[in-house]
> 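Structure in structure tokens, see below.
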Amino acid sequence: MKLRKLWITTLLALAATSAQAAGKADQFSVIGNATDNPSNLALTATLNPAPADLGANGSVWVGALFGNQVFMLTPQGWVVPASGPLPAFSNGPIQQQTVPILNGINVSGLECAQVLVGYGRDQADLFGSGTYGAVYQVPAKAQRTTPLPCSTMADADIARFLEQATFGPNPTQIAEVKRIGIKAWLEQQFALPASTLGDYPYYPTSAPTDCNSICQRDNYSTFQLQLRFFQNAMTAQDQLRQRVAFALSQILVVSGATINQAYAMAPYQNMLINNSFGNFRTILKEMTLSPAMGRYLDMVNNGKPTNASQQANENYARELLQLFSVGLWKLNPDGTVQTDAAGKPVPTYDEAVIKGFALTLTGWTFPTQAGQTRKTYNPTYYIGPMEVVATNHDTTAKTLLDGVTLPAGQTPDADLEAALDNVFNHPNVGPFIGQQLIQHLVTSNPSPGYVSRVSAVFNNNGAGVRGDLKAVVKAILLDPEARGGMNTDPGFGHLKEPVLFTTHFLRALGGISDGVSLRTQTSVMGQNVLNSPTVFNFYPPDYVLPNGQLGPEYAILNTSTALARANFVYNMVYGGGAKPDTSVTGAVGTTLDLTSLSTLAGDPAALVDRLSILLLHGTMSTDMRNQLITAVNGVAASDAIGRTRLAVYLVSTSTQFQVRR
Amino acid sequence: MALSRRQLLQGAATGLAATFGPLRWMEALAAPANDYKALVCIFLFGGNDGNNMVIPMEAAEYSSYATARAGMALAKDSLASIGAPTSLGGRTFGLHPGMADLAPLFQQKKLAVLCNVGTLLAPMTKAQYATRSLRPSNLYSHSDQANQWQTSQSQGIARSGWGGRIADAAYALNGGIAVPMVMSLSGSNLFSIGAQRSPLVLPTSGTFGLSGTTGTAGTARLDSVRKLLGLDRGNEMVDAASAVMLQAIDNSALMNPIINSTTSAAAPAFANLNSSIAKQLYAVARIIENRAATGLKRQIFFCSMGGYDTHSDQLNAQTNLLTQLGQAMAAFAKATDLLGVSDSVVTFTGSDFSRTLKPASGGGTDHAWGNHQLVMGGPVKGGDFYGTFPKLELKGPDDVDGAGRWIPTTSVDQYAATLANWFGVALGDIGSVLPNLSRFATPNLGFL
């Protein structure tokens, strides 16, 4: 166990950037001098906010991020806030006053010695995007006696982290993580409000006769949601939430191939976004009662068998178990498959269990639209959770997982809660969901140790809570296998799926996109976002490479889509990208901005090295570097943009870029 | 003992390597073919309800069907009658009304029905089903059953499909040409992947070219791309992606003009057809038409449709799907006539599984098992049924659980072996393509 000493002589204000509005940076002063006793920091700040810096009624929130720990200043002093709304420092106007900064707080156990102190008009202002009142940092490395891990992280390592936690690193975010460290960045991300895919007006199942082609596109397809998805991926501040939600949407699949109305699909996708850092049990229930899922996998209007010639619908029951929670085989906590005495894998359930769940999930119908009367089989409507029709619920006893039986005569709600508890508490869920989240964020072939560490956190977040996804995500991204030197292992990493391939490329290279072109381009590459061909997603988690390793995303990499990837890059780099679609409000098209990169074109090695950081998180081999420098030198030095384009094209089409390690 | 997924895979890998080792030796002995033959697989993802694709019309049998099917039963007078199959003693049948275009082909003896075929480890009785040991793993799961259909391996995890393995075994018939024997017009799939070679995946329209490779700058750029693809091959993930890209670039100049050709003798057959399956089969026709350019004597194509997982609203959904399929298959049959290759091309269907005879809540059906398939083409001994048509009765002799799920009476291995044998793989060598085949009495079902 390392005990890091904090050696603070002064707090330095960072230069205000446009995102960090100047004017709130009041004085900080050091009362105590450099101390070897970090449990007794004595710093003060003078708060003298301008009227514009105050929230409603003049209220003000004062908070600090010290390493990964959030502290809030209250009238009673500094506190570590409980979950829920953060406490305000003052709910009314304040006069200029001096407050202590982090006094009395034992920070000796904190691993990352960077301090952010600020105040804001409300909670979101304080920890939200780009409106820190003032940001202060411990001195530069040279002024400390002990190097500190956060600020010494190389750009390449930060870029690698951001490849796993965002839709692609960009120079601004690399600088941000360098400034505050990974753990503080994660806490910031957890605290950010969610960017959703929006809400859309109700349209009837059949389009009105006056609904023209634009109306059809906007309301009778997932077009608008896809644009919002890509806009969020490109620019939303809550990148980590968006990444996790994207992963969840590919594990808990509802497809626009069936749910092809914007207003119908949005609530489901927004539910995943809102719960990305929530509890998996909550997701299980909201997913199960989502009318979009209900329609997609036929749980809606699934009636009890009324006579011998009909049976309960098994569709949702089967995929809930096979794909959304426990999987086909009994797993050990490390994700390996349990085998019987004969060495054969042990199934998690059999057909009797499928039938049991199918019966358990009878008796639910579409939500009742305002102004309508509830019917036994409500007409199609997607806003709100599905509703109970007790008379349509099967009341016989049912067989669930691991020999659990539901007694006869229970209500639909009681059966539902018991069945979801039965699923949620099955020991497979941690390794089954945990391994897939690792595959989406970090690597296709996590070691059993990695999976077991993550499933242990799924089972218990440290506070006795099972299914805490925030803790699971943190465990995935901070694991030594994600952060350590495993990326040099020849089998480590994963192929970037089309979404991550295109967004990483654009974000790293100053690109912009309204999503119009990206939705088409990624579709040609095999990933029509939110429109998976089946509930089995665009690619299965167990797709096997010729060498025997798992490589899920390779299921959609073939000779046709490989060329589509390269041609996308060519069009962006040499073809000017995509012009704004005039039929889309606020369209900006999809373009790159290579201006700043091209300032390096006079020095091909520098240009190539910069691309190695931005696109390959510094993993470019010497062979590849030399080959690229030779190629770039083949373009006249006077043609700066030509050199830049060639370098960008070659690195972006390289398979080294397509594979994320 | 705990077995990891990876170990499972490695176990499977070892088994495959041992099984398929002799193929290289076989290749060395075989000579290039003088004739042309093509196999066209149409895979119906989601589990096509065979019970409503081929329906008995004889009074008692239809009545049994209609009783069990209840609301899912198709009206007898709506069926596309195909009359009495040659060897079924006068029992009459009809196809789903959406497949009316295929009925004449049955009567012209260019279409056959393979009855109740499915994934099996070995022939199985109802008693054996109850003991579980011989069951294919994860019966009724889409992903598992579609994979088992395509790999002909019903336990463990296979990494190659029987289309790819037939191509491995028949490789020498193409005289050593590097252009892949297997081409998919419907994305990546296990069926097409060989133990030794990879398929070409082609779009049905649009480009199969690499932009920006002409002129001095373009040539230099392409040269750099190729050089970069040759680097860092030590990383397995990068290596796998590089292999795909190199194969794409290597075949682009040959295949792009064919995919984008606007003149084809087969065009009239596909006039007015816009479904995805019609576009795929039209692309197959154009590739066959250009066989002199590709130089290939043997080809295997993969096409597919999705949407057959009809848990609800089946009567409408399946009608739409089978209409598209029937029209596209009939058009393709006509195209092979126009191209003069009707005696060289065999088209056949596959699907995850059939669906329960008993309807489910919501106007649909659930996952089942043994299913009927169609085989079409000049070489087919058509106008007949092969295998055993199941007794359409809930809790009847073929039903495993009262929902109307048939134990297959013919295995995918036998189906595949019959096709492989016609294609040019000798019966004595087929064991290396279909390791499970020896467990079944009849390796060639005689429909070709």
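Quantities reported herein were computed from a predicted structural model and do not represent experimental measurements.
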> Closest heavy-atom contact between Asp366(B) and Asn315(A)?
OD1-N, 3.9 Å
> Against the six-membered ring of Tyr543(A), is Arg159(B) placed for a cation-pi contact (under 6.0 Å from the centre, within 45° of the normal)?
no
> Side chain, backbone, both or neither: which part of Asn251(B) has an atom under 4.5 Å from a heavy atom of chain A?
neither
> Roughly how far, to the nearest 0.5 Å, is the CG atom of Leu563(A) from the CD1 atom of Ile249(B)?
7.0 Å
> Please classify the contact between Arg565(A) and chain B as side chain, backbone, both or neither, with a heavy-atom cut-off of under 4.5 Å.
neither
> I need the residue from Met72(B), Met245(B), Met255(B) with the largest number of non-hydrogen atom pairs under 4.5 Å to chain A.
Met245(B)
> Check whether any side-chain heavy atom of Glu314(A) lies under 4.5 Å from a side-chain heavy atom of Thr365(B), and answer yes or no.
no
> Do Arg318(A) and Tyr140(B) form a cation-pi contact, if we require the NZ or CZ to be under 6.0 Å from the six-membered ring centre and within 45 degrees of the ring's axis?
no
> Do you know which of Ala566(A), Ala564(A), Pro546(A), Gly526(A) has the most heavy-atom pairs with chain B at a distance under 4.5 angstrom?
Pro546(A)
> Measure across Gln310(A) and Ala360(B) and return the closest heavy-atom pair with its distance rounded to 0.1 Å.
CG-C, 3.9 Å
> Taking every non-hydrogen pair under 4.5 Å, which of Ala631(A), Ala257(A), Gly303(A) racks up the most with chain B?
Gly303(A)
> Among side-chain atoms of Gln247(B) and Thr559(A), is any donor-acceptor pair under 3.5 angstrom?
no
> Top residue by heavy-atom pair count (under 4.5 Å) with chain A, among Pro203(B), Gly306(B), Ala70(B), Gly362(B)?
Pro203(B)
> Of the backbone (N, CA, C, O) and the side chain (C-beta and beyond), which part of Arg135(B) lies under 4.5 Å from a heavy atom of chain A, both, or neither?
neither
> For the pair Leu202(B) and Ser560(A), evaluate side-chain contact (heavy atoms from CB on, under 4.5 Å) and give the outcome as yes or no after the intermediate values.
CA-CA 5 Å; Leu202(B) 299 165; Ser560(A) 182; 5.8 Å; no
> Heavy-atom cut-off 4.5 Å, strictly under: side chain, backbone, both or neither for Ser444(A) against chain B?
side chain
> Measuring from atom OG of Ser137(B) to atom CG of Leu328(A), what distance do you get when rounded to the nearest 0.5 angstrom?
9.0 Å
> Is chain A contacted by the side chain of Thr356(B), its backbone, both, or neither, given a heavy-atom distance below 4.5 Å?
side chain
> Take Thr655(A) and Leu229(B), measure what side-chain contact (heavy atoms from CB on, under 4.5 Å) needs, and give me the verdict at the end.
CA-CA 7 Å; Thr655(A) 43; Leu229(B) 286 170; 3.8 Å; yes
> Given salt bridge (Lys or Arg N to Asp or Glu O under 4.0 Å), test Arg132(B) with Asp350(A) step by step and report yes or no.
CA-CA 11 Å; Arg132(B) 294 172 181 272; Asp350(A) 62 12; 3.4 Å; yes
> Is the shortest side-chain heavy-atom distance between Arg69(B) and Ser309(A) below 4.5 Å?
no
> Quick one: are Met624(A) and Leu228(B) in side-chain contact, heavy atoms under 4.5 Å?
yes
> What distance do Asp223(B) atom CG and Gln627(A) atom CD have between them, rounded to the nearest 0.5 Å?
7.5 Å
> Pick whichever of Lys304(A), Gln311(A), Gln658(A), Arg295(A) has the most heavy-atom pairs under 4.5 Å with chain B.
Gln311(A)
> Using a 3.5 Å distance criterion without hydrogens, assess whether the side chain of Asn567(A) forms a donor-acceptor pair with backbone atoms of Gly209(B).
yes
> Do Asn138(B) and Trp329(A) come close enough that some side-chain heavy atom pair is under 4.5 Å?
yes
> Can you tell which part of Leu646(A) gets under 4.5 Å to a heavy atom of chain B, answering side chain, backbone, both or neither?
side chain
> What are the two closest heavy atoms between Val225(B) and Thr653(A), and how far apart are they?
CG2-OG1, 4.3 Å
> Under a 4.5 Å heavy-atom cut-off, does chain B meet the side chain of Phe657(A), its backbone, both or neither?
neither
> In the structure I gave you, are the side-chain heavy atoms of Leu210(B) and Tyr570(A) within less than 4.5 Å of one another anywhere?
no
> Begin with the C-alpha distance, continue with both residues' side-chain angles, and end with the deciding distance and a verdict on side chain to side chain donor-acceptor pair (under 3.5 Å) for Asn313(A) and Ser361(B).
CA-CA 5 Å; Asn313(A) 198 301; Ser361(B) 173; 5.7 Å; no
> Identify which part of Lys355(A) has an atom lying under 4.5 Å from any heavy atom of chain B, answering side chain, backbone, both or neither.
side chain
> Which atoms of Asn189(B) are under 4.5 Å from chain A, going by heavy atoms: the side chain, the backbone, both sets, or neither?
neither
> Using a 3.5 Å distance criterion without hydrogens, assess whether the side chain of Ser188(B) forms a donor-acceptor pair with backbone atoms of Ile556(A).
no
> Flag the pair Met237(B) / Leu545(A) as yes when at least one side-chain heavy-atom distance between them is below 4.5 Å, and no otherwise.
yes
> State the OG-CZ distance between Ser141(B) and Phe536(A), to the nearest 0.5 angstrom.
5.0 Å
> Using a distance-only test with no angle check, is there a side-chain donor-acceptor pair under 3.5 angstrom linking His311(B) and Asp298(A)?
no
> Go through Val535(A), Asp623(A), Leu650(A) and name the one with the most non-hydrogen pairs under 4.5 angstrom from chain B.
Leu650(A)
> What verdict does the side-chain contact (heavy atoms from CB on, under 4.5 Å) test give for Leu231(B) and Gln656(A), after you've listed the backbone C-alpha separation in whole Å, the side-chain angles of each residue and the deciding distance to 0.1 Å?
CA-CA 9 Å; Leu231(B) 301 177; Gln656(A) 289 85 346; 4.2 Å; yes
> Do the non-hydrogen side-chain atoms of Gln322(A) and Ser143(B) ever get within less than 4.5 Å of each other?
yes
> Check whether any side-chain heavy atom of Gln155(B) sits under 4.5 Å from a side-chain heavy atom of Lys344(A), and report yes or no.
yes
> What residues form a salt bridge (Lys or Arg N to Asp or Glu O under 4.0 Å) with Asp239(B), not counting sequence neighbours?
Arg233(B)
> Among Thr306(A), Asn302(A), Val300(A), which residue has the highest count of heavy-atom pairs closer than 4.5 Å to chain B?
Asn302(A)
> Which atoms form the tightest heavy-atom contact between Ala240(B) and Tyr554(A), and what is the distance?
CB-CE2, 3.7 Å
> Less than 4.5 Å to any heavy atom of chain A: does that hold for the side chain of Ile193(B), its backbone, both, or neither?
side chain
